[in-house]
Protein chains: 2
Amino acid sequence: MLTSKHQHLQAEPCPVARAVDVIADRWTLLVVRDAFDGKRRFGDFQRGLGIARSMLTDRLRNLVAAGIFEVKPASDGTSYQEYVLTSKGSQLFPLIVAFRQWGERHLFDEGEAYSQLLETASGEPLELMSPTTVNGRTIRPEETTVRKVR
Amino acid sequence: MLTSKHQHLQAEPCPVARAVDVIADRWTLLVVRDAFDGKRRFGDFQRGLGIARSMLTDRLRNLVAAGIFEVKPASDGTSYQEYVLTSKGSQLFPLIVAFRQWGERHLFDEGEAYSQLLETASGEPLELMSPTTVNGRTIRPEETTVRKVR
DNA sequence: CAGTATCCCTCAAGATACTG
DNA sequence: CAGTATCTTGAGGGATACTG
């Protein structure tokens, strides 16, 4: 059996540390990205990513164990399985969008083509996400504090 | 010299893939988190994270090379350096907040304590970030499409 | 204090072959 | 097609010692 990750961060009181421990792995994040893009089958992920089969097996297992994917019987009647996002998994959408928006802004040359995320109905790109106060005002990092433990 | 990362994703047209390639590494993300928490010195990061010195050297080097940190002379007059977020680095704030908010909601038991991010002035936690259309309406993953290349 | 230089060991990762 | 099993390589990562 392939090993899972270190896990030592799961005892941390910082939610960032725990979240990083669960999903901040290159293959894991790309699998989740593809799931938001509608992929569900082992072969869909495997071909799209060019990931080694054993790696994909490992990542899918971890994602299911983490409650991010759930396994369902294949919708086409074959005896295989589909990996679909749970509610917990779907709530990773803002995280994937945050990766995307930062990448769009900072990792492409002027005029260089990139794949874009659009609102299907309007064809418009999304608004740039930013943290806001409860009143809806955009907040800058310097205006925030971490309260150590609650 | 310690090696940098694979880099093969930097040719990808998907901004998520490129961004993942640059920053989706456990230590890298925790260093950036600490930078938002005000840390600037090698020793600050090292003690806070318990990271091996050589690992920290490698991560800081990569972060500077990626334009996320810039090196400045120490503000206390010593001959050492400080690592401060550039504008590009500061724009990772929504990403870190996305990790935090997902972690808060899904990786702590009911009533379990966690370190919280607050608006300093009001003491209030931030609003839950979510992707919106240009009109400000919250959008769900199923309402979006990736347009392959532009 | 802020790094650099080694050493060493585990594990991540790909390649390949096999199975129901 | 959807995995599992095995093998090998090299990178990730910690520990320790050294340097300006």
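What you see below is based on every heavy atom in this structure, not just the backbone, and it leaves out hydrogens, waters and symmetry mates. Protein chains get the first letters and strands the later ones, always in sequence-line order, with residue 1 at the start of each. All values reported here derive from a predicted model rather than from experimental measurement.
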Value in whole Å for how far the P atom of dA5(C) lies from CE of Met55(B): 14 Å
Any donor-acceptor N/O pair, Gln101(A) side chain to Glu127(A) backbone, under 3.5 Å: yes
Expected output: side-chain Asp109(B) to main-chain Glu112(B) donor-acceptor under 3.5 Å: no
Euclidean distance, atom CD of residue Gln81(B) to atom C1' of dC1(C) [Å, nearest integer]: 12 Å
Length of the CZ-P vector between Phe69(B) and dA2(C), whole Å: 15 Å
Atom pair distance, as rounded to whole Å: NZ in Lys39(A) and C1' in dC1(D): 17 Å
Protein-nucleotide distance (Phe45(B), atom CZ; dG3(C), atom P), rounded to Å: 11 Å
Those residues that, when tested against Phe93(A), pass ring-ring contact (aromatic ring centres under 6.0 Å, His included) (two or more places apart): Phe36(A)
Donor-acceptor contact present, side-chain Arg100(B) to main-chain Leu95(B), <3.5 Å: no
Phe108(A): ring-ring contact (aromatic ring centres under 6.0 Å, His included) partners, not counting sequence neighbours: Tyr114(A)
Thr57(B) side-chain N/O to dG3(C) phosphate OP1/OP2 under 4.0 Å: no
Gap between atoms CD1 and P, on Ile51(A) and dA13(C) respectively (whole Å): 8 Å
Closest to the Arg59(B) side chain, choosing from dC1(D), dG13(D), dG3(C): dG13(D)
Sugar-phosphate, base or nothing in reach of Tyr83(A), heavy atoms under 4.0 Å: sugar-phosphate
Nucleotide dA13(C), atom P - distance to CG of Asn62(A) in whole Å: 11 Å
Residue pairs fulfilling salt bridge (Lys or Arg N to Asp or Glu O under 4.0 Å) with at least one residue in residues 70-81 of chain B, sequence neighbours excluded: Arg41(B)-Asp76(B)
Base-pair map of DNA chain D as dot-bracket, where | denotes pairing with a different strand and pairs are Watson-Crick or G-U under 3.5 Å: ||||||||||||||||||||
Side-chain (Thr120(A)) to main-chain (Glu143(B)) donor-acceptor, under 3.5 angstrom: yes
Listed nucleotide nearest any side-chain atom of Phe42(A), set dG3(C), dT4(D), dG3(D): dG3(D)
Under 3.5 Å donor-acceptor, Asp34(B) side chain and Asp37(B) backbone: no
side-chain hydrogen bond (donor to acceptor under 3.5 Å, both in side chains) partners for Asn135(A), two or more places apart: none
Asp58(A) CG to dC11(C) C1', straight-line distance once rounded to whole Å: 11 Å
Between the protein and nucleotides 17-20 of chain D, list every N/O to N/O distance that falls short of 3.5 Å.
from: dG20(D); atom 1: N2; to: Tyr80(B); atom 2: OH; distance (Å): 2.8

